[in-house]
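Each remark here refers to the structure printed beneath this line.
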Amino acid sequence: MLKVHLPDGSIKEYSQRVRPLEIAAEIGPRLAQATVAAQVDDQILGADQPLPEDGDVRLRILTAKDPEALDVMRHSCAHVMARAVMRLFPDVQLAFGPTIENGYYYDFDLEHPISEEDFPKIEAEMARIVKEDEAFERVEMDHAEAVQFFGELRQRLKVEHLEDGLKDQRQVSFYRQGEFIDLCRGPHVPRSGLIGAFKLLSVAGAYWKGDATKQQLQRLYGTAFFSKDDLEKHLKQLEEAKRRDHRLLGRQLQLFLIDPAVGSGLVFWLPKGAVVRRELENFLYNELIKRGYQPVYTPVIGNVHLYETSGHYPYYKDVQFPPIEMADGERYLLRPMNCPHHITIYQSQPRSYRDLPLRLAEFGTVHRFEQSGELTGMTRVRGFTQDDAHIFCTEEQVADEFRGCIEMTQHVLKTLGLDEYRVRLGLRDPQETKYVGDPAVWEKAEAALIGVCSTMDLPQLKIERGEAAFYGPKADFVVTDCIGREWQLGTVQLDYNLPSPQRFGLEYIGPDNAPHQPVMIHRAPFGSFERFTGVLIEHFAGAFPLWLAPEQVRVMVVSQKAEDYGREVQRRLAAAGLRVSGDYRAEKIGAKIRDAQLELIPYMFVLGAREAAEGKVAVRDRLAGDLGAMPLEEAVDKLQAEIQNKTIRHVAK
RNA sequence: GCUAGCGUAGCUCAGCCGGUAGAGCAGCUGAUUUGUAAUCAGCAGGUCGUGGGUUCGAGUCCCUCCGCUAGCUCCA
C-alpha cells in the first residue's frame, strides 16, 4: 500500500504500482497533458518512473510553471539535439550532454566540423523531432548488458564511460526516443512535444572527460525555454551583455588599450581609464591607512634564488615569463607575486611580538605568462597590479586579522555597489596529503576562520572542503557581474608555508624570549586593478558614479557668444577640484548634449546669455535631464556632495 | 596550449561566380552662431592582419604564421 501526499494536503492510496503521470491523469487530463516531471520527496523524477509500492511519499507534479521543470526539459532538449545531429551525421559518437546554467550542451566526436552554418539544419531537424512528439522511454538494464548493447551500437565513448566512470553500477538506465537511444540517468519529459522554444548558441572544443591529454570533442551549446517569450528575453539579455562588454566600452570610452604589437595581455591605461584607477587607488589607500597598514614599494624583478626559496620557481615555471639571464650568470625573474619582497622587508630586522601584526601593503605589479587562449580583455592579462598586502601575525592574532580583511573587502565591495557576491571558504580535504604544515595548526586555523565567518554577514557563505591552497585555508569573494558571470576578485589567504623553516624561516621573538614562527595572510580586496576595473566597467555599463567618472562635468555654450562666460565657469569648476572639460564648438546645443550623453558624462552645464547675465549655470543631469538654472556655487556643492558620498545613483541593469 | 570561427579606413560594416576598394560615423577645411540627444557643404583617409602559393589577374581560392572571439584545459 502506497500513500501519496499531494501539495494541497490530500492523500491518495494505491495498492498497485503507480506512476506520477497516472496520478496526474486522475487529477485531470489537462494536468496530465502539462506534466513535465515529478518531485517525489526531495528528488526530481520522470513522470513515468514508477513510485515505490508501499510507504509514504510526498508528490508534486511539475509543469512548465515550476522552476525545477526547466532543467528537465532542457536535458530532454539536449537529447533531441543529439538525435538531430545523429540524423544528419550518422557516424557521430556521443559523449555527454548535461544541462548548465541557462541551457545545455552536448559533446560529440565527429569528423565533420560543426559550424554555425550547420545550426539551421540541426534546429530544423530538432523542430521536426519536437513536432513528432514521441515519448521518452526509460529503460534499465544491468551493467554487462549495457556494455554489450552500446558496443553493438558502436558508441565507444559510452562503452568507455560504462567501463570506467560507471563500472561500479550494477544497473544503468538509458532513454529511448524513436531511433535514438542514449545512456542517461534522466529524468526526462514524458514526450518531446513538451519542449518549448529552443536555439543553438555556439560550438566549441571540449576535452573528453575534461582531460586535456584526451581527445578533443565538439561541444554544441544550446538553450531552451517553455515559451518563446522567455527565449526572446534571454537572447535580449545576451545582447545587453555584449553591449556592456568592457572590451567594447573600454575602446569606445577610451579607458584602456591592448596593442598586440606590444604584447597580448599587456594593458595600457589611457588617460580616462587612469583616472578611474587613480580614484580606486586613493580610495583603497585611505582605507589601508585607516586600518593600520603600512605602504611599501618594492622591485618588480628579483633574483631567481628568491623564488626558488619561495617554491614558486621552477614549480610554476610554465606560467612565468622566463628568467632574464645576465652575462655573469645571474638570473632575474619578473615577479609573479609580491610576497617574497614583503618577506624581505619583514626579515630586514629582528621582529618582536610587539611589532605584530605587521601589515605591509603595496599596489604591486606582477607578471604571469597566462596561456594565449586564456587572455580576455582586462579580466585575464599577463601583467597586472594587485592591491596586495601581507600581514605577519601571531597564531593568536589570526582570527582578528582575518576578520579585519573580510570587513575591509566587504566595505570596498559595498562602496562600489557590488552587492551580488558570495564567499567561498576553502578548507583542506583531510584525505589529501598535499598540504604543508601541522594538521593540528590547520585544524585550529580552520576552526578560527569558520568561527569568524559565522559571526559576520556573509551572503551565501559556502564551505568547500579541498579548495584550500596547499599552504593554507582561504576565503574568496566571488562577484557576479551583469551577465551572470562570476569573477573571483577579492581573496584572503592564510599561509603557513612561506614563514616555515623549509621556506623563508620567518621568526619573531615572543614574550617568552624564544623565537616563534609568524603566520602570513595574503589579501587583496580587488584582486587586481585590471580585472576589477574590467568588471566595474561592465557593472556600470561604462557610466561610472561621479567620484570615479573620468570627466565629471562638461561645460557647453549655447553659442560662441557665451564662450567667455563658459571658460570662466570651466576655470572655476577646475579650481573647485572637479574634472571638467568645455565644448565651445560651433555646433548646436543639441549636438553637444548628444555627444556628452553618448560619452556618459554625468553632468552638463549649459550656458547661454541668460546664465551669463545671472551668474548661473543650467544643470543637465545625464540621467534626469534638465534640472534648470542655479547659482554656480550651488551646483558645485551638489556635485561635491555626490563625490564625497561616493553616491551610486544608477546601476544599469 | 587545444578546437572552431573571424581579421577590409580611427570605429561600425558592405564588397556576388576571382576583373584591380565602397558607405555611415569620427577627422580636417569652410559656411552657420544656434536653448537641452545629430546644421550644411567640401576634402582627406586603405600594400584588404603577415608571408608564400595557384592564376593572365587574388580582398575574394589554397597553405604558413600572427592576432582577436567563443569554449575547453589552466589560474601561486
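Since this is a predicted model, take the numbers as computed values, not measurements. Numbers restart at 1 for each chain; the letters A, B, ... are given by sequence-line order, proteins then strands.
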Geometric cation-pi criterion A:R74 and A:Y104, 6.0 Å radius, 45° cone: no

Stacked cation flag A:R382 on A:F369, 6.0 angstrom / 45 deg: yes

Of residues 526-534 of chain A, the positions that come close to RNA chain B - non-hydrogen atoms, cut-off under 4.0 Å: none

Nucleic acid contacts - residues 382-390 of chain A versus RNA chain B, non-hydrogen atoms under 4.0 Å: none

Results of side chain to side chain donor-acceptor pair (under 3.5 Å) for A:Y435 - residues two or more places apart only: none

A:E611: partners by side chain to side chain donor-acceptor pair (under 3.5 Å), with sequence neighbours left out: none

Modelled atom types, side-chain donor and acceptor of A:Q517 and A:Y496, under 3.5 Å: no

Expressed in whole Å, how much space separates the [atom1] atoms belonging to [N] and [M]?
N: B:G10; M: B:G18; atom1: C1'; value: 30 Å
N: B:U29; M: B:G7; atom1: P; value: 35 Å
N: B:G52; M: B:C16; atom1: P; value: 25 Å

Mind checking [X] for me? I need base, sugar-phosphate or nothing, with any heavy atom below 4.0 Å counting as a touch.
X: A:A586; value: base
X: A:G210; value: sugar-phosphate
X: A:Q254; value: nothing
X: A:E599; value: nothing
X: A:R219; value: sugar-phosphate
X: A:A609; value: base
X: A:Y471; value: sugar-phosphate
X: A:A596; value: nothing

Criterion salt bridge (Lys or Arg N to Asp or Glu O under 4.0 Å) on A:E599 and A:K592, from CA distance to verdict: CA-CA 11 Å; A:E599 286 176 60; A:K592 297 179 187 181; over 6 Å; no

Separation between OH of A:Y471 and SG of A:C339, rounded to the nearest 0.5 Å: 7.5 Å

Mind listing the N/O atom pairs, protein and nucleotides 68-70 of chain B, below 3.5 Å?
unit_1	atom_1	unit_2	atom_2	d
B:C68	OP1	A:S264	OG	3.3
B:U69	OP1	A:R247	NH1	3.2
B:U69	O3'	A:R247	NH1	3.4
B:A70	OP1	A:R247	NH1	3.2
B:A70	OP1	A:R247	NH2	2.8
B:A70	OP2	A:R247	NH1	3.2

Syn/anti label of B:C56 as read from its glycosidic torsion, with the cut at 90° from 0: anti

So that I can tick it off, tell me whether [Y] and [X] are bridged by a salt bridge, with the cut-off set at under 4.0 angstrom between side-chain N and carboxylate O.
X: A:K209; Y: A:D211; result: no
X: A:E538; Y: A:K242; result: no
X: A:K462; Y: A:E464; result: yes
X: A:E240; Y: A:R244; result: yes
X: A:R465; Y: A:D429; result: no
X: A:R523; Y: A:D388; result: no
X: A:D595; Y: A:R585; result: yes
X: A:K474; Y: A:D476; result: yes
X: A:E370; Y: A:R380; result: yes

A:K588: salt bridge (Lys or Arg N to Asp or Glu O under 4.0 Å) partners, not counting sequence neighbours: none

Distance in angstrom units between [X] [atom1] and [N] [atom2], rounded:
X: A:L598; N: B:A38; atom1: CG; atom2: P; answer: 10 Å
X: A:L238; N: B:G71; atom1: CG; atom2: P; answer: 11 Å
X: A:I593; N: B:U36; atom1: CD1; atom2: C1'; answer: 3 Å
X: A:F369; N: B:G1; atom1: CZ; atom2: C1'; answer: 10 Å
X: A:M604; N: B:A38; atom1: CE; atom2: P; answer: 13 Å
X: A:D107; N: B:G71; atom1: CG; atom2: P; answer: 15 Å
X: A:R610; N: B:U36; atom1: CZ; atom2: C1'; answer: 11 Å
X: A:Q560; N: B:G35; atom1: CD; atom2: C1'; answer: 15 Å

Check every atom of [options] against the side chain of [X] and return the nucleotide holding the closest atom.
X: A:Q216; options: B:G1, B:G35, B:U3; value: B:U3
X: A:Q493; options: B:A38, B:G1, B:A76; value: B:A76
X: A:V319; options: B:A38, B:A76, B:G5; value: B:A76
X: A:V606; options: B:A76, B:G35, B:U39; value: B:G35

Quick test: give all pairs of protein nitrogen or oxygen and nucleotides 6-15 of chain B nitrogen or oxygen below 3.5 Å, distance rounded to 0.1 Å.
unit_1	atom_1	unit_2	atom_2	d
B:U12	OP1	A:R251	NH2	2.8

Intra- and interstrand pairs of RNA chain B - dot-bracket, Watson-Crick/G-U under 3.5 Å, | marks other strand: (((((((..((((.....[..)))).(((((.......))))).....(.(((..]....))).))))))))....

Has the side chain of [X] got a donor or acceptor that lies under 3.5 Å from a partner of the other kind on the base of [N]?
X: A:R380; N: B:C75; answer: yes
X: A:E370; N: B:C75; answer: no
X: A:Q218; N: B:U3; answer: no

Heavy atoms from other residues, nucleotides or ligands near NZ of A:K236 exceed 12 (cutoff 6.0 Å): no

Sequence-distant partners of A:Y332, ring pair (Phe, Tyr, Trp, His ring centres under 6.0 Å), two or more places apart: none

Give me the distances for all protein-to-nucleotides 40-51 of chain B N/O pairs that come in under 3.5 Å?
none

N or O in side chain of A:K561 less than 4.0 angstrom from B:U34 OP1/OP2: yes

Listed once per pair and sorted, the side chain to side chain donor-acceptor pair (under 3.5 Å) pairs that draw on residues 313-323 of chain A, sequence neighbours left out: none

Side-chain donor-acceptor pairs of residues 557-564 of chain A under 3.5 Å, sequence neighbours excluded:
unit_1	atom_1	unit_2	atom_2	d
A:S559	OG	A:K561	N	3.1
A:Q560	NE2	A:Y584	O	3.0
A:E563	OE2	A:R567	NE	2.9
A:E563	OE2	A:R567	NH2	2.9

